> 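Dropping a structure here in structure tokens format, bear with me for questions.
Just so we're clear, the structure is a prediction, and the values are computed from it rather than from any experiment. Just so it is clear, the values below take in all heavy atoms, side chains as well, and ignore hydrogens, waters and symmetry mates.
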Amino acid sequence: MEPMLAEIERSCFPQGKTIVVMPAYNAASTLEKTLADLPAEVVDEIILVDDGSTDGTVALALQHGLTVVKHKENRGYGGNQKTCYQYALDHGAEYVVMLHPDYQYDSRVVGIAIQLLRLGICDVVLGSRIRTRQEALAGGMPAWKYLANRLLTITENIALGQNLGDFHSGFRAYRREVLETIPYEHNSNDFVFDSQLLAQAVYFQFRVGDIPVPVRYFPEASSISFKRCVKYGMGTLAVLARFWAQRLRIRPSKIFFSKKNDHDTENRVQLQ
């Protein structure tokens, strides 16, 4: 009976290749645990992009059968994601999940995120670390980082007209059309890349939703310093300003020009 039900389920939902991309930097100590939790039945391929690691990340990824792309030099978090998404599109992905290989996010929920995309409920799915304040802090999130996350997320929800629980999650899933439309190659190579991509998704009227994802903070998990967080926060506010400058046609920005319509009348006028 179970195989029959599974076959009926597969026939009801649009199928397509699912690729998990992992932007990696010195992730050898956590990669295996991340892969162990990842449900193999919902993933067709895993692409790890190594951004100049000095540990055994590449060797370990190859050992586990991952597709590995290695940057000769460090390009930054945003630069890493640009390579991730381009390789996923080139490899025929219909659904792309960006998952940090540092074991900070619970990868068991990847299948749920993909199902929301396949059902047409969302075009972009984020993993929210902030179901409750108690859970976030119990998971090890520093209090100052929790407060900064709440303030920025509230501001972004108001500015972008959304109602998301966590704008700054490192767990994200996209339909192919999103990545084919958004000109992410014009985005920053730094951490503010994430804020730019979400503002772009909203600008192009893609449906953004989220699901709760348990999060773990520990010494090996990637994290940025207080100084980098301040820089990221200021950069995020600048993204919101650029979003509204584009909306109001005050100052057009190339990060809001669709890749699919680079030569349409509207874009030609804006670029003059």
> Ignoring hydrogens, what is the shortest heavy-atom contact between D44 and G16? Give both atom names and the distance.
OD2-O, 3.9 Å
> Roughly how far, to the nearest 0.5 Å, is CZ of F191 from SG of C229?
8.5 Å
> Does the side chain of V208 come within less than 4.5 Å of L160's, by heavy atoms?
no
> On a heavy-atom basis, which atom in F204 and which in F257 lie closest, and how many Å separate them?
CZ-C, 3.8 Å
> Of all heavy-atom pairs between V124 and L117, which one has the smallest distance, and what is that distance?
N-CD2, 4.0 Å
> First locate atom OG1 of T57, then atom OH of Y25, and finally report the distance between them rounded to the nearest 0.5 Å.
9.5 Å
> So, are D166 and R129 salt-bridged, with charged N and O less than 4.0 Å apart?
yes
> Are W244 and L237 linked, directly or through intermediate hydrophobic residues, by side-chain heavy-atom contacts shorter than 4.5 Å (ILVMFWY only)?
yes
> Going from OH on Y174 to CG on L197, what distance comes out if it is rounded to the nearest 0.5 angstrom?
4.0 Å
> Could you tell me if the ring centre of F256 sits under 6.0 Å from that of Y203?
yes
> Does K231 use its side chain to pair, donor to acceptor, with the backbone of V192 at less than 3.5 Å?
no
> Would you find a donor on one side and an acceptor on the other, under 3.5 Å apart, between the side chain of T67 and the backbone of I47?
no
> I'd like to check Q246 versus I255 (side-chain heavy atoms, cut-off strictly below 4.5 Å). Are they in contact?
no
> If you compare all heavy atoms of D50 against all heavy atoms of K70, which two are closest, and at what distance to 0.1 Å?
OD2-NZ, 3.1 Å
> Within a radius of less than 6.0 Å around CZ of R247, do more than 12 heavy atoms belonging to other residues, nucleotides or ligands occur?
yes
> Check the pair E32 / Y103 against side-chain hydrogen bond (donor to acceptor under 3.5 Å, both in side chains), numbers first and verdict last.
CA-CA 9 Å; E32 282 189 306; Y103 200 56; over 6 Å; no
> Would L119 end up clustered with V97 when hydrophobic side chains under 4.5 Å apart are linked, directly or stepwise?
yes
> Taking all atoms of both residues into account, what is the closest heavy-atom pair of F171 and D106, and its distance?
CE1-O, 4.3 Å
> Is there side-chain contact between V49 and V21, with at least one heavy-atom pair below 4.5 Å?
no
> I need the minimum non-hydrogen distance between P23 and L99, along with the two atoms involved.
CD-O, 3.7 Å
> Salt bridge check, D51 against R75: does any charged N sit closer than 4.0 Å to a carboxylate O?
no
> Can you tell whether the side chains of D37 and R108 come within less than 4.0 Å, N to carboxylate O?
no
> Measuring from atom CE of M22 to atom CD1 of I46, what distance do you get when rounded to the nearest 0.5 angstrom?
5.0 Å
> Any side-chain to backbone donor/acceptor pair from T236 onto S195? Under 3.5 Å, distance only.
no
> Please report the interatomic distance SG(C84) to OH(Y184), rounded to the nearest 0.5 Å.
10.0 Å
> Can L248 be reached from I158 by stepping across I, L, V, M, F, W or Y side chains whose heavy atoms are under 4.5 Å apart?
no
> Below 30° counts as parallel, above 60° as perpendicular, anything between as tilted: where do the rings of F193 and Y85 land?
parallel
> Parallel, tilted or perpendicular, judged at 30° and 60°: which one describes the rings of Y77 and H100?
perpendicular
> Linking I/L/V/M/F/W/Y whenever their side-chain heavy atoms sit closer than 4.5 Å, directly or via other members, would I121 and V109 fall into one cluster?
yes
> Walk me through it: do F206 and T181 pass the test side chain to side chain contact (heavy atoms under 4.5 Å, CB included)?
CA-CA 10 Å; F206 289 114; T181 302; 3.7 Å; yes
> One pair to check against side chain to side chain contact (heavy atoms under 4.5 Å, CB included): L164 and N157. What are the steps and the verdict?
CA-CA 7 Å; L164 300 173; N157 275 322; 3.9 Å; yes
> For the atom pair OG (S53) and CG (L31), what is the distance rounded to the nearest 0.5 Å?
10.0 Å
> Can L151 be reached from W144 by stepping across I, L, V, M, F, W or Y side chains whose heavy atoms are under 4.5 Å apart?
no
> With the side chain counted from C-beta on, respond yes when H168 and E156 share a heavy-atom pair under 4.5 Å apart, and no when they do not.
yes
> Check whether the side chains of N187 and Q200 place a donor and an acceptor atom closer than 3.5 Å, and report yes or no.
yes
